[in-house]
Each structure stands twice: as structure tokens, then as C-alpha cells.
**Q** 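One structure coming up, written as C-alpha cells, with questions to follow.
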2 protein chains.
Amino acid sequence: MATISDVASRAGVSTATVSRALNGKSSVDPELAARVLAAAAELGYRPNGPARNLRRQETAVLALIISDVENPFFTAIARGVEDVAHAAGYSVVLCNSDDEPDKEHEYIDVALQERMAGVLLSPTGRGDSAELLSRNRTPVVAVDRPLPNSTGDTVLVDSRLAARQATEHLAEQGYRRIGCLTGPSGVPTADDRLAGYRDGLRAERLPRSDTLVRRSEFKAAGAKEAARSLLSQPEPPDAVLVANNMMAVGVLEAMAELGVRPGRDVGVVAFDDAPWATLLDPPLTVVAQPAYDMGAVAAQLLLGRISGERTEATTTTLSAHLVVRASSTRS
Amino acid sequence: MATISDVASRAGVSTATVSRALNGKSSVDPELAARVLAAAAELGYRPNGPARNLRRQETAVLALIISDVENPFFTAIARGVEDVAHAAGYSVVLCNSDDEPDKEHEYIDVALQERMAGVLLSPTGRGDSAELLSRNRTPVVAVDRPLPNSTGDTVLVDSRLAARQATEHLAEQGYRRIGCLTGPSGVPTADDRLAGYRDGLRAERLPRSDTLVRRSEFKAAGAKEAARSLLSQPEPPDAVLVANNMMAVGVLEAMAELGVRPGRDVGVVAFDDAPWATLLDPPLTVVAQPAYDMGAVAAQLLLGRISGERTEATTTTLSAHLVVRASSTRS
DNA sequence: ATGAAAGCGCTAACAT
DNA sequence: ATGTTAGCGCTTTCAT
């Protein structure tokens with residue numbers, strides 16, 4: 001593949017001039033610049049990225065580390081990130097941590113090794129990622145979940161408030177034994193949603209019973225099992241709050257198997273809107289999170305930090321909103 | 001950040017020895033190697049990727065260019081790719097082309113510029129990507145769709161046969177006016193599925209009528225519009241074959257609006273299985289594609305080609321299978 | 001088995 | 001405005 005000196009000799013100039021012309025620097029004679037551009041085009045010249053990155057001591061690449069590319073919530077975030085990054089001339093490397101600290105660590109290592117400009121991270125919670133990055137002066141922005149003891153920027157959703165509102169909504173609809181299916185203990189979003197659920201019970205003066213709470217992984221299979229257990233106990237709940245969309249699939253499967261009809265028999269509200277939520281019978285009431293915006297905001301913060309314009313850490317909290325459909329209305 | 005010479009001086013050896021020790025080369029005194037490793041750990045040394053890539057004239061990064069990260073079919077492919085790549089020590093950069101040749105081109109440029117080891121591409125069909133890559137000796141594997149005039153490896157699904165089988169299934173269930181909603185003309189998967197649908201009609205000796213065919217983008221919004229038009233004509237179809245999962249959402253929305261019940265009033269089969277397909281009432285009959293496997297196979301082929309073990313181009317065709325549920329059974 | 005030194009392709013400081 | 005040149009951090013001959 002052609003190098004800068006090939007272009008230089010073809011255009012009859014020095015490599016410095018080629019570099020300047022190609023990077024649109026001022027102070028290059030228009031006529032020479034044209035000759036350079038022509039030569040480059042003829043040779044199909046493409047600057048060598050690694051060489052440029054080595055010399056510049058920086059790259060235009062961001063890492064986005066999420067727990068699951070197959071979760072629509074995270075892909076929506078990814079879109080937001082990519083649109084912003086791309087517009088600013090940055091590429092995005094998407095990595096799956098599968099919520100395993102080891103994998104997360106591994107990808108952080110890659111990001112560091114490749115000297116990527118910054119990292120967007122939805123942290124597993126355990127692991128030393130934050131420290132690793134800050135020690136190496138690589139900017140980080142945490143998305144969806146806060147970084148353990150972070151000094152960095154964070155973009156969150158007010159899950160707790162949203163969970164409380166969802167719970168209150170169920171209570172207002174006349175449900176009295178409201179249950180909650182949430183994610184693993186220690187995962188902030190899981191714990192926040194549970195806390196918000198309890199806030200809601202308290203506000204509605206409903207008794208709090210731990211037999212109405214189940215935890216599982218944020219996945220369909222685990223949630224299905226948890227829902228079976230929750231719904232087949234002697235005094236089952238008359239409504240449930242489900243902490244994410246993958247879990248919702250499992251819960252609805254379990255309900256179908258048990259012959260429990262959403263809405264009529266047991267009210268259901270789930271976190272995360274999905275295109276298929278309206279196709280269900282009854283349509284699913286959801287807590288819609290602004291996932292795309294979270295990604296976009298996070299990317300913007302990261303780019304700002306990369307260009308060194310801010311120093312103080314910021315936390316941006318976006319709000320989710322309840323979309324009421326028939327799975328949570330008794331009528 | 002620490003460099004190789006920092007490690008060398010700390011360990012009291014030359015940079016060459018550090019390099020050898022760290023890369024596990026033979027012929028390094030065990031005692032020295034241990035000293036090097038210790039020094040590297042103490043300094044938190046991480047090899048500089050760009051420098052290494054420049055020197056080696058190769059990178060351990062693959063590009064995966066797909067049309068939409070929010071389409072579960074493609075994310076399943078991405079999983080397959082990533083698992084295989086990761087196991088072989090490669091990273092994957094995921095890029096959205098949005099099915100626009102310009103964006104595709106742009107990402108190919110990035111891949112070339114960064115000297116990525118290879119490219120996995122689901123081509124928009126138009127555009128000169130294949131030529132661009134081959135001219136620069138970068139291996140490509142096409143996934144889901146063939147490359148226009150490619151010499152490279154290809155991993156496909158036998159969409160045409162699957163569409164034919166789905167159509168025959170509908171005919172066997174007693175549907176007589178079967179319609180088809182497919183993707184844009186010129187997109188191979190869209191055209192293949194239409195051709196398979198026609199194969200099915202022919203095999204079942206059903207008349208072929210172009211008033212029963214609609215095309216739209218492979219997205220919900222367009223498909224919804226197309227379904228409205230298809231279903232509200234004087235002589236509407238009594239069943240439809242839908243060419244992908246995003247379109248299925250739109251089609252089902254349109255049916256709900258028009259008061260047309262899937263299965264009972266109009267039989268429905270859609271390409272791509274989804275977790276929510278069983279939650280619908282009636283559950284959705286689908287053509288399940290082996291997306292994960294496609295990604296895994298494609299990645300394997302690409303890695304093989306990168307290591308130069310094959311030269312002839314291969315085409316791998318995987319088969320899809322019909323998963324019959326109640327949306328296509330009249331009973 | 002180890003070290004010295006060249007050089008990958010580029011950019012930027014310096015010189016003109 | 002343009003050219004000369006040093007050097008980014010690493011790997012890999014080539015000597016020893």
C-alpha cells in the first residue's frame with residue numbers, strides 16, 4: 001500500500017508538504033496542494049493509522065463496554081453513542097462484558113493498550129476498572145450504572161423514582177399485593193428499582209412483604225424461574241413490577257404457562273419500552289428509559305473530557321417515564 | 001505511561017530482551033524473564049498498540065459492518081463473530097452502515113486506514129466495497145448477503161428455500177390468497193424471499209398475483225404502511241409472509257389497527273425468531289435463521305483467510321427452519 | 001542467550 | 001511556503 005513518500009515523490013514535493021496538504025494545514029501553496037491531492041488519489045493513498053496514532057500519541061477511537069449487545073436497551077445506547085462519536089470523527093468499538101468483571105477488565109486492557117481516546121462503561125460494579133483507567137489517564141464516562149468509587153462523569157436514569165411511580169400507579173389501579181422482580185443484588189439498577197418499589201409501597205401505605213420480592217439475572221430464563229416461584233406461592237401477588245425488558249419476556253412466559261392473564265389476573269409493569277410491547281394482549285405497560293439520549297449525552301461528555309474542557313466530575317440524571325397500557329389497568 | 005525502555009532499565013536488560021520475554025519467545029533466560037515480568041508488573045506496563053501494529057504491519061482487529069445494531073438478527077451475528085474472534089485474540093469493531101453505501105464506504109475506509117486484519121460485511125449491495133478491499137489486499141467475508149462481484153468468502157442462509165417452505169406451509173393450512181411483504185428491490189435477501197414465495201405458490205399451484213406483494217424498507221414503519229395497503233384492498237390476502245422481524249412488528253401493528261386477527265383472519269409467518277414471538281396471541285410462526293452460527297462461521301472463515309491458509313473462495317449456505325406456531329394454523 | 005541498531009509511516013519542530 | 005530531520009514505541013535482524 002502506498003506510503004506518504006510515494007505520494008511525495010509522485011507530486012515532486014517533500015513528505016512534510018504532503019502531510020500538511022492532506023491535513024488541510026494552512027500555508028500550503030494551492031497549486032502544490034492540488035498536485036498532492038491528485039497524486040494521492042492516483043495512488044489510492046490512505047494514511048497509515050497506526051503510524052499516525054503512534055506519532056500523534058492519540059487515537060480517534062472510543063470503547064463502549066456494555067453487558068450485552070443483544071439487550072435492546074444497550075443497543076439503543078450504542079446508537080446514541082455512535083451517532084455523536086461519528087459526527088465528531090470518532091470510531092466506536094463495542095464490547096460485551098457479559099457482566100463479568102474479568103471480561104470487563106480484559107476490554108479495559110485492550111482500550112488502554114490501543115491507547116483509545118476514552119471509554120464508555122456500564123460497569124459490572126465489582127472490579128477495578130475505574131482505578132485502572134484513571135491511573136492511566138484515560139477518560140471514562142459511566143452509563144446506566146455509577147462507577148464504584150469514581151471521580152468520573154456519570155449518566156444515569158432515575159430508576160428509583162420511576163420504580164416508585166410505577167408502583168404507585170399499580171396501587172392506584174387497585175392492586176394491593178404488588179410484587180417485584182429485580183436483578184442481582186449489588187447491581188445498582190437492580191437495587192434502585194427495588195428501593196423505588198418499596199418507596200411506592202410506603203407512599204401508598206401498603207404492607208411490605210419480602211415474600212413478594214424475587215431476584216434473578218437480568219435475563220429471560222432466570223426471570224421465568226423467579227416468576228414461577230413468585231406466582232405459585234400460597235398468597236401470590238396481584239401485580240408485579242419487572243426490572244428490565246429481558247426479564248419481562250421470562251415473566252410473561254411464566255404467566256402464560258401458569259394460565260395467569262396479565263392485566264386481568266395480575267397487573268404487570270416492566271422497565272424498558274420495546275417495539276413489541278404494544279403487540280401483546282393486553283399491551284404492556286412500561287417504564288420507558290431514554291436510552292438513546294443516555295448514549296448521546298455520555299458520548300458528548302466523554303468527548304468534552306477528551307478535549308480537556310472540563311475537570312470537575314458531573315452526574316447527569318435523566319428521567320424515565322411511565323407509559324400506561326392495558327397490562328396494568330384493571331378495568 | 002511506561003514504555004518498553006522503562007521496563008528494560010528497571011530490569012537491567014535491553015529492550016530487545018524485554019520484547020522477547022513479554023512475547024514468550026524461546027531463548028530467554030528464565031531468570032531474566034522473571035525479572036522482566038516483575039519490572040513490567042511494577043510499572044503497570046502495557047505495550048503500546050499503535051507502535052506494535054506499526055512495526056508488525058498488522059493488527060488484531062476485525063471490522064464488522066452491519067446495517068443496524070438494533071436489529072436482533074444482526075446482534076446475534078455480532079455475538080457469533082465476537083465469540084470466535086475473541087477466542088482467537090482478535091477485537092471486533094462494530095459499525096452501522098444503515099444500509100447506506102456511503103456510510104459503508106466510510107467504514108471500509110476506516111478499516112483500511114487502521115490496517116485492520118479483515119472485514120466482515122453485510123453489503124448494501126450497491127457500492128464498490130468489494131473492489132476497494134481486494135485492491136488493498138484486506139480479506140473480506142460477506143455475511144447474510146453476497147458481495148456484488150466478489151471473489152471472497154460468503155456465508156448465507158438459504159432464504160429462498162425457507163420462504164418457499166413457509167409459503168407451502170401456509171398453503172397446506174388452507175390459505176389460498178397468500179401475500180408477501182418483502183424488503184427493497186435489489187437487496188438479495190428481499191429478492192430471494194420473494195422468489196421463494198413465488199416458488200411456493202407455483203409448487204402449490206396457486207395463482208400468482210402481484211397485487212398481493214408489497215415492498216418496504218426492512219423496518220417496522222415502512223412495513224406497517226405496506227401492510228395497511230395490502231390488507232385494505234378489495235381482495236385482501238388471507239395470509240402473509242413477512243421477510244424480517246422488524247417488518248413483522250409493523251405488520252402486526254397494522255393488523256391490530258385494522259382489526260384483523262393473526263391466524264384466525266389472516267395467517268402470518270415472519271422471518272427471524274424473537275424472544276417475544278411466543279408471547280403474542282396467537283404465537284407467531286417464524287422462519288428461524290441461524291444468526292449466531294452465521295457470525296461464528298464467518299469469523300472462522302475470515303481468520304482462516306487472514307492466516308493465509310486458503311486461497312479459493314467458499315460459499316457457505318446455512319439453512320433456516322420453520323417454527324410453526326399458531327399464527328399460521330387455521331384450526 | 002543477549003544487545004545494538006535499524007526502521008515501520010507519520011507529524012512537527014526547526015531551519016531556510 | 002517548503003524541506004530536512006528527529007523521533008513516537010516497538011520488533012527484528014544482525015552481531016557477539
Side-chain angles (χ1 to χ4, degrees), chain A residues 1-37 39-40 43-61 89 109-110 112-117 136-138, chain B residues 1-37 39-40 43-61 89 109-110 112-117 136-138:
Chain A
M1 203 173 299
T3 73
I4 199 172
S5 19
D6 297 332
V7 179
S9 45
R10 177 153 194 142
V13 297
S14 74
T15 60
T17 299
V18 174
S19 176
R20 286 190 277 251
L22 260 30
N23 290 295
K25 300 276 189 201
S26 57
S27 76
V28 177
D29 185 295
E31 199 242 323
L32 276 195
R35 243 161 63 203
V36 168
L37 258 35
L43 293 169
Y45 170 73
R46 234 169 284 274
N48 182 311
R52 161 179 286 179
N53 295 336
L54 172 58
R55 174 61 229 228
R56 288 199 177 151
Q57 298 286 64
E58 70 184 31
T59 65
V61 180
D109 269 342
V110 173
L112 252 20
Q113 181 149 330
E114 297 302 324
R115 306 302 194 260
M116 294 183 190
N136 290 281
R137 313 166 156 284
T138 299
Chain B
M1 203 174 301
T3 74
I4 199 171
S5 16
D6 298 332
V7 178
S9 44
R10 178 155 196 139
V13 297
S14 74
T15 60
T17 300
V18 174
S19 175
R20 286 190 276 252
L22 259 28
N23 289 297
K25 298 279 190 203
S26 56
S27 76
V28 177
D29 186 295
E31 199 242 323
L32 276 194
R35 245 163 58 204
V36 168
L37 258 35
L43 293 169
Y45 171 72
R46 234 170 284 275
N48 182 309
R52 161 179 285 178
N53 295 335
L54 171 59
R55 175 61 228 230
R56 288 200 177 148
Q57 299 285 59
E58 69 184 29
T59 65
V61 180
D109 269 342
V110 173
L112 252 20
Q113 181 150 329
E114 296 303 323
R115 305 302 195 257
M116 294 184 189
N136 290 282
R137 315 166 153 281
T138 299

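So you know, we letter chains A, B, ... as the sequences are listed, proteins then strands, and number each from 1. Owing to the predicted nature of the structure, the values given are computational and were not obtained by experimental measurement.
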**Q** So what is the end-to-end bend of the helix from C/dA1-D/dT16 to C/dT16-D/dA1, with 5 pairs used at each end and the value given to 10 degrees?
**A**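 Taking the rotation axis at each end, their angle is 40°.
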**Q** My understanding is that only residues two or more places apart in sequence, or in another chain, count here; which of them pass side-chain contact (heavy atoms from CB on, under 4.5 Å) with A/Thr138?
**A**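 Checked A/Thr138 against side-chain contact (heavy atoms from CB on, under 4.5 Å); matches are A/Leu112, A/Val119, A/Leu133, A/Asn136.
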**Q** With sequence neighbours excluded, tell me which residues meet salt bridge (charged side-chain N to carboxylate O under 4.0 Å, His left out) with B/Arg10.
**A**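 Partners of B/Arg10 under the salt bridge (charged side-chain N to carboxylate O under 4.0 Å, His left out) test: B/Glu42.
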**Q** Checking B/Asn48 now: which residues fulfil side chain to side chain donor-acceptor pair (under 3.5 Å) with it, not counting sequence neighbours?
**A**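 B/Asn48 satisfies side chain to side chain donor-acceptor pair (under 3.5 Å) with no residue once adjacent residues are dropped.
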**Q** Can you name the side chain to side chain donor-acceptor pair (under 3.5 Å) partners of A/Ser9, sequence neighbours left out?
**A**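 Here no residue qualifies.
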**Q** Taking side-chain contact (heavy atoms from CB on, under 4.5 Å) as the test, write out the residues that go with B/Ala34, two or more places apart.
**A**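 Residues passing side-chain contact (heavy atoms from CB on, under 4.5 Å) with B/Ala34: none at all.
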**Q** Listing request: all salt bridge (Lys or Arg N to Asp or Glu O under 4.0 Å) pairs with a residue in residues 13-26 of chain A, at least two apart in sequence or in separate chains.
**A**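 Counting only pairs at least two positions apart or across chains, no salt bridge (Lys or Arg N to Asp or Glu O under 4.0 Å) contact touches residues 13-26 of chain A.
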**Q** Mind checking which nucleotides bracket the chain A contacts on DNA chain C, 5' to 3', with an atom under 4.0 Å from a heavy atom?
**A**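 Here the contact window of chain A covers C/dG9 to C/dA13.
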**Q** Please enumerate all residues that pass side-chain contact (heavy atoms from CB on, under 4.5 Å) together with B/Ala60, with sequence neighbours excluded.
**A**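 B/Ala60 satisfies side-chain contact (heavy atoms from CB on, under 4.5 Å) with B/Tyr90 only.
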**Q** Going 5' to 3' through nucleotides 8-16 of chain D, assign each nucleotide B (protein heavy atom under 4.0 Å from a base atom), S (under 4.0 Å only from sugar-phosphate atoms) or - (no protein heavy atom that close).
**A** BBBBBB---
**Q** Quick one: side chain to side chain donor-acceptor pair (under 3.5 Å) partners of A/Arg35, sequence neighbours excluded?
**A**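 A/Arg35 satisfies side chain to side chain donor-acceptor pair (under 3.5 Å) with no residue once adjacent residues are dropped.
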**Q** Decide side chain to side chain contact (heavy atoms under 4.5 Å, CB included) for A/Arg137 and B/Met1; before the verdict, give the C-alpha distance in whole Å, the side-chain angles of both, and the deciding distance to 0.1 Å.
**A** CA-CA 9 Å; A/Arg137 313 166 156 284; B/Met1 203 174 301; over 6 Å; no
**Q** Kindly write out the residues that satisfy side chain to side chain donor-acceptor pair (under 3.5 Å) with B/Asp109, not counting sequence neighbours, or none if the list is empty.
**A**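 So B/Asp109 forms a side chain to side chain donor-acceptor pair (under 3.5 Å) with A/Arg46.
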